[in-house]
Amino acid sequence: MGAEWELGAEAGGSLLLCAALLAAGCALGLRLGRGRGAADRGALIWLCYDALVHFALEGPFVYLSLVGNVANSDGLIASLWKEYGKADARWVYFDPTIVSVEILTVTLDGSLALFLIYAIVEEKHYRHFLQITLCVCELYGCWMTFLPEWLTRSPNLNTSNWLYCWVYLFFFNGVWVLIPGLLLWQSWVELKKMHQKETSSVKKFQ
């Protein structure tokens, strides 16, 4: 096997940490989703994982970036971002666009994820309003993370290695496009059902 296919200790540790957060998100989501349909259980798993990533990984990134930068920091979270920085150098050295987006992501998206979890569990009427708002914010974050880079011909992205290209850049960021997109579709379908039910009820009493 060529050197480009080898998985180093830093990469292995970072992926294990992400897997641990995913396992925690699954456990929490399944516990909160007991007795609910598959769609809501899946949404709760995602939202628990989403909140954990925003607060446990991206929150410390924002802090490290505001007091210095990831490159000059030590610790488990810093090592994870240094590893990701091999694919996207903007996360290692202070990049104002990335830090600005992440401040919004941690404070707004993280909080919205928690409120949405509550809204689903307690069956609140504003569930889909929060779900649509969160999904749009997540998609906006991905847009602002990558479009400015693509417009400048991606000087900070490293796609020469399969791990950096397909796992770090494509998979980990693609998940934050795919799942919010699916949740937006779910909200569209549910709101359409509610509208049709209300319209049918009104016609019955006319």
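When a residue number appears, it is its place in the shown sequence, counting from 1.
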Flag the pair [X] / [Y] as yes when at least one side-chain heavy-atom distance between them is below 4.5 Å, and no otherwise.
{"X": "Leu169", "Y": "Phe146", "value": "yes"}
{"X": "Phe61", "Y": "Ile77", "value": "no"}
{"X": "Glu102", "Y": "His54", "value": "no"}
{"X": "Leu116", "Y": "Thr133", "value": "no"}
{"X": "Leu184", "Y": "Leu139", "value": "yes"}
{"X": "Leu147", "Y": "Leu151", "value": "yes"}
{"X": "Trp46", "Y": "Leu183", "value": "yes"}
{"X": "Leu64", "Y": "Asn69", "value": "no"}

Looking at [X] and [Y], what are the two nearest heavy atoms and their distance?
{"X": "Pro180", "Y": "Val175", "result": "CD-O, 3.6 Å"}
{"X": "Gly141", "Y": "Thr145", "result": "O-OG1, 2.7 Å"}
{"X": "Pro148", "Y": "Trp143", "result": "CD-O, 3.8 Å"}

Counting distance only, does the side-chain N/O of [X] pair as donor-acceptor with the main-chain N or O of [Y] below 3.5 Å?
{"X": "Arg90", "Y": "Ile98", "value": "no"}
{"X": "Glu149", "Y": "Asn156", "value": "yes"}
{"X": "Ser111", "Y": "Leu108", "value": "no"}
{"X": "Arg36", "Y": "Val121", "value": "yes"}

query = Which is it for Tyr93 and Val70 under the side chain to side chain contact (heavy atoms under 4.5 Å, CB included) test, yes or no, and what are the steps along the way?
reply = CA-CA 6 Å; Tyr93 300 100; Val70 169; over 6 Å; no
How far does [atom1] of [X] sit from [atom2] of [Y], to the nearest 0.5 angstrom?
{"X": "Cys18", "Y": "Tyr49", "atom1": "SG", "atom2": "OH", "result": "5.0 Å"}
{"X": "Ile132", "Y": "Cys137", "atom1": "CD1", "atom2": "SG", "result": "12.0 Å"}
{"X": "Leu112", "Y": "Thr105", "atom1": "CG", "atom2": "OG1", "result": "11.0 Å"}
{"X": "Cys48", "Y": "Ile117", "atom1": "SG", "atom2": "CD1", "result": "4.0 Å"}
{"X": "Leu47", "Y": "Leu130", "atom1": "CG", "atom2": "CG", "result": "10.0 Å"}
{"X": "Glu123", "Y": "Arg127", "atom1": "CD", "atom2": "CZ", "result": "9.5 Å"}

message = Looking only at side-chain N and O atoms, does Asp50 offer a donor or acceptor that is under 3.5 Å from a partner on Trp176?
response = yes
message = I'd like to know if the side chain of Gln131 pairs up with that of Ser187 as donor and acceptor (distance under 3.5 Å, no hydrogens or angles considered).
response = yes
Would [X] and [Y] show up in the same hydrophobic cluster when neighbours are defined by side-chain heavy atoms closer than 4.5 Å?
{"X": "Val136", "Y": "Val177", "value": "yes"}
{"X": "Leu114", "Y": "Phe129", "value": "yes"}
{"X": "Trp188", "Y": "Leu182", "value": "no"}
{"X": "Val99", "Y": "Val92", "value": "no"}
{"X": "Ile120", "Y": "Leu52", "value": "yes"}

ask   = Are Asp40 and Arg34 ion-paired here, with the side-chain N under 4.0 Å from a carboxylate O?
value = no
ask   = Any Lys/Arg nitrogen of Glu10 or Lys82 sitting under 4.0 Å from an Asp/Glu carboxylate oxygen of the other?
value = no
ask   = Do other residues, nucleotides or ligands put more than 12 heavy atoms under 6.0 Å from Tyr140 OH?
value = no
ask   = More than 12 heavy atoms of other residues, nucleotides or ligands under 6.0 Å from CZ of Phe55: is that the case?
value = yes
note = Exactly one of Phe171, Trp91, Tyr164 clears ring-ring contact (aromatic ring centres under 6.0 Å, His included) with Tyr84, and that residue is Trp91
Partner of Phe170 by ring-ring contact (aromatic ring centres under 6.0 Å, His included), out of Trp166, Tyr168, Phe172 = Trp166
inquiry  = side chain to side chain contact (heavy atoms under 4.5 Å, CB included), that's the test. Do Trp150 and Leu157 meet it? Break it down for me.
reply    = CA-CA 9 Å; Trp150 291 337; Leu157 302 185; 4.0 Å; yes
message = side chain to side chain contact (heavy atoms under 4.5 Å, CB included), that's the test. Do Glu58 and Tyr63 meet it? Break it down for me.
response = CA-CA 9 Å; Glu58 294 173 332; Tyr63 172 77; over 6 Å; no
